[in-house]
Amino acid sequence: MSFLLRTLTRKREVDDIIRDTLDQVLVLRFGRESDPVCLHLDDILSKSSRELSKFATIALVEVDAEEIQVYVRYFDITMIPSTVFFFNAQHMKMDSGTADHTKWLGSFHTKQDFIDVVEAIFRGAMKGKLIVNCPLPPQKIPRFQLLFKDV
């Protein structure tokens with residue numbers, strides 16, 4: 001189902017979509033088309049895109065593309081899939097009880113979980129917030145042991 005969503009492979013494309021998406025949540029999924037977890041997330045994203053079309057734009061970013069490595073390093077994409085959210089070119093963060101508030105690591109369990117997260121980010125962004133609380137219960141939030149090097 002990832003063929004239904006726009007795939008970005010160049011830095012210029014990512015820059016343009018971040019800058020040009022106004023009054024909508026921009027959802028960027030960093031990952032690979034060949035990864036099974038990314039394919040599961042892509043399926044959820046593509047099935048949700050129509051319902052979210054009034055207040056969200058969804059795009060896929062291929063992490064293996066050479067020009068994208070700038071963003072991979074900037075957002076510290078060490079696990080795939082990683083989902084990053086923006087609103088009016090502002091990076092939106094979400095407190096989900098994990099150590100990393102800058103992105104969502106892993107896949108969402110259901111389509112409704114993804115819709116709930118995007119709606120919470122949109123409502124928070126419309127109120128001027130840069131960080132929002134995750135609307136999902138703790139058992140639906142993927143937990144990973146994050147190891148930080150050279151800290």
Side-chain angles (χ1 to χ4, degrees), residues 1-111 113-115 117-122 124-125 129-132 134 136 140-151:
M1 294 296 253
S2 61
F3 62 88
L4 298 174
L5 299 170
R6 182 174 173 192
T7 302
L8 310 174
T9 57
R10 299 178 56 223
K11 181 185 182 301
R12 176 82 173 176
E13 293 172 331
V14 177
D15 291 341
D16 290 344
I17 199 168
I18 291 172
R19 185 188 63 242
D20 296 340
T21 304
L22 300 175
D23 296 329
Q24 287 190 331
V25 175
L26 172 62
V27 180
L28 294 180
R29 188 277 287 149
F30 286 82
R32 293 184 185 96
E33 288 184 7
S34 60
D35 185 70
V37 180
C38 288
L39 290 174
H40 177 257
L41 180 57
D42 292 351
D43 186 49
I44 290 172
L45 298 179
S46 62
K47 287 179 180 176
S48 306
S49 64
R50 184 175 172 141
E51 292 174 43
L52 296 172
S53 64
K54 298 254 189 233
F55 59 92
T57 301
I58 303 169
L60 311 177
V61 181
E62 193 64 35
V63 294
D64 293 329
E66 187 63 36
E67 289 187 40
I68 300 297
Q69 296 307 308
V70 172
Y71 283 110
V72 170
R73 284 190 302 278
Y74 182 77
F75 291 117
D76 192 29
I77 307 295
T78 54
M79 296 184 66
I80 60 167
S82 292
T83 308
V84 182
F85 303 95
F86 293 88
F87 187 80
N88 290 343
Q90 181 67 46
H91 183 202
M92 295 297 295
K93 298 169 182 69
M94 182 174 50
D95 183 3
S96 57
T98 62
D100 192 357
H101 298 333
T102 61
K103 59 189 169 287
W104 181 270
L105 296 174
S107 184
F108 292 90
H109 290 281
T110 64
K111 175 179 141 181
D113 290 345
F114 174 66
I115 291 171
V117 166
V118 173
E119 284 178 347
I121 290 173
F122 180 76
K129 295 181 179 181
L130 298 178
I131 186 166
V132 298
C134 182
L136 302 180
K140 289 196 171 190
I141 299 171
R143 301 280 181 205
F144 298 98
Q145 191 69 275
L146 298 177
L147 301 174
F148 296 97
K149 296 188 296 186
D150 302 327
V151 177

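Values below: all heavy atoms of this structure, side chains included; hydrogens, waters and symmetry mates excluded.
Residues I17 and L26 are in side-chain contact: their nearest non-hydrogen atoms beyond the backbone lie under 4.5 Å apart. You'll find the side chain of L130 stays beyond 4.5 Å of the side chain of K93, heavy atoms only. Considering only heavy atoms from C-beta on, T102 stays 4.5 Å or farther from V84 through its side chain. Residues L60 and L28 fail the side-chain proximity criterion, which asks for heavy atoms closer than 4.5 Å. Side-chain contact between I68 and V14 is present, with heavy atoms from C-beta onward closer than 4.5 Å. Side-chain contact between V27 and R29 is absent, with no heavy-atom pair separated by less than 4.5 Å. Using a 4.5 Å heavy-atom cutoff, the side chains of L45 and L5 are in contact. In this structure the side chain of V117 reaches within 4.5 angstrom of the side chain of F85, judged on heavy atoms.
Using modelled atom types, no side-chain atom of D95 and backbone atom of V132 make a donor-acceptor pair closer than 3.5 Å. Put simply, the side chain of T21 never gets that close to the backbone of I18: no donor and acceptor are under 3.5 Å apart. Without hydrogens or angle criteria, K103 side chain to F75 main chain gives a donor-acceptor distance under 3.5 Å. A distance-only check finds a donor-acceptor pair linking the side chain of Q69 to the backbone of V63 [under 3.5 Å].
E67 approaches K11 most closely through the heavy-atom pair OE1-N, 3.4 Å. Residues L105 and S82 share a closest heavy-atom pair of CD2-OG, 3.3 Å. Contact record, C38 with G31: SG-CA, 3.7 Å, taken as the closest heavy-atom pair. D113 and H109 make their closest contact through OD2-CB, 3.4 Å (heavy atoms, listed as atom of the first residue, atom of the second, distance). Minimum heavy-atom separation, F122 to D23: CE1-O, 3.9 Å. Residue L41 comes nearest to G106 through the heavy atom pair CD2-O, 4.0 Å, listed as atom of the first residue, atom of the second, then distance.
The line from CD of E33 to CG of D64 is 10.0 Å long, rounded to the nearest 0.5 Å. Atom-to-atom distance recorded for W104:CH2 and I121:CD1 is 9.5 Å, nearest 0.5 angstrom. Rounded to the nearest 0.5 Å, atoms CD1 (I44) and CD1 (I58) are 11.0 Å apart.
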Practice problem: Under the salt bridge (charged side-chain N to carboxylate O under 4.0 Å, His left out) rule, what do E51 and K111 come out as? Steps first, then yes or no, please. | Solution: CA-CA 10 Å; E51 292 174 43; K111 175 179 141 181; 2.4 Å; yes

Practice problem: I would like to know whether I80 and V37 meet side chain to side chain contact (heavy atoms under 4.5 Å, CB included); could you show each step before the answer? | Solution: CA-CA 8 Å; I80 60 167; V37 180; over 6 Å; no

Exercise. Begin with the C-alpha distance, continue with both residues' side-chain angles, and end with the deciding distance and a verdict on side chain to side chain contact (heavy atoms under 4.5 Å, CB included) for Y71 and I77.
Key: CA-CA 8 Å; Y71 283 110; I77 307 295; over 6 Å; no

Quiz item: Given the rule in the side-chain hydrogen bond (donor to acceptor under 3.5 Å, both in side chains) test, do E62 and T9 qualify, once you have shown the distances and angles that lead to the verdict?
Solution: CA-CA 6 Å; E62 193 64 35; T9 57; over 6 Å; no

Exercise. Report the C-alpha distance between F87 and Q24 in whole Å, list the side-chain angles of each, state the deciding distance to 0.1 Å, and finish with yes or no for side chain to side chain contact (heavy atoms under 4.5 Å, CB included).
Key: CA-CA 6 Å; F87 187 80; Q24 287 190 331; 5.5 Å; no

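Note on R12 versus D16: salt bridge recorded, some NZ/NE/NH1/NH2 to OD/OE distance being below 4.0 Å.
Each of H91, R19, M92 was compared with F86 under the side-chain contact (heavy atoms from CB on, under 4.5 Å) criterion, and only H91 meets it.
In this structure, R10 has no side chain to side chain donor-acceptor pair (under 3.5 Å) partners at least two apart in sequence or on a different chain.
Checked against a 6.0 Å centroid threshold, the rings of F108 and H40 do not count as neighbours.
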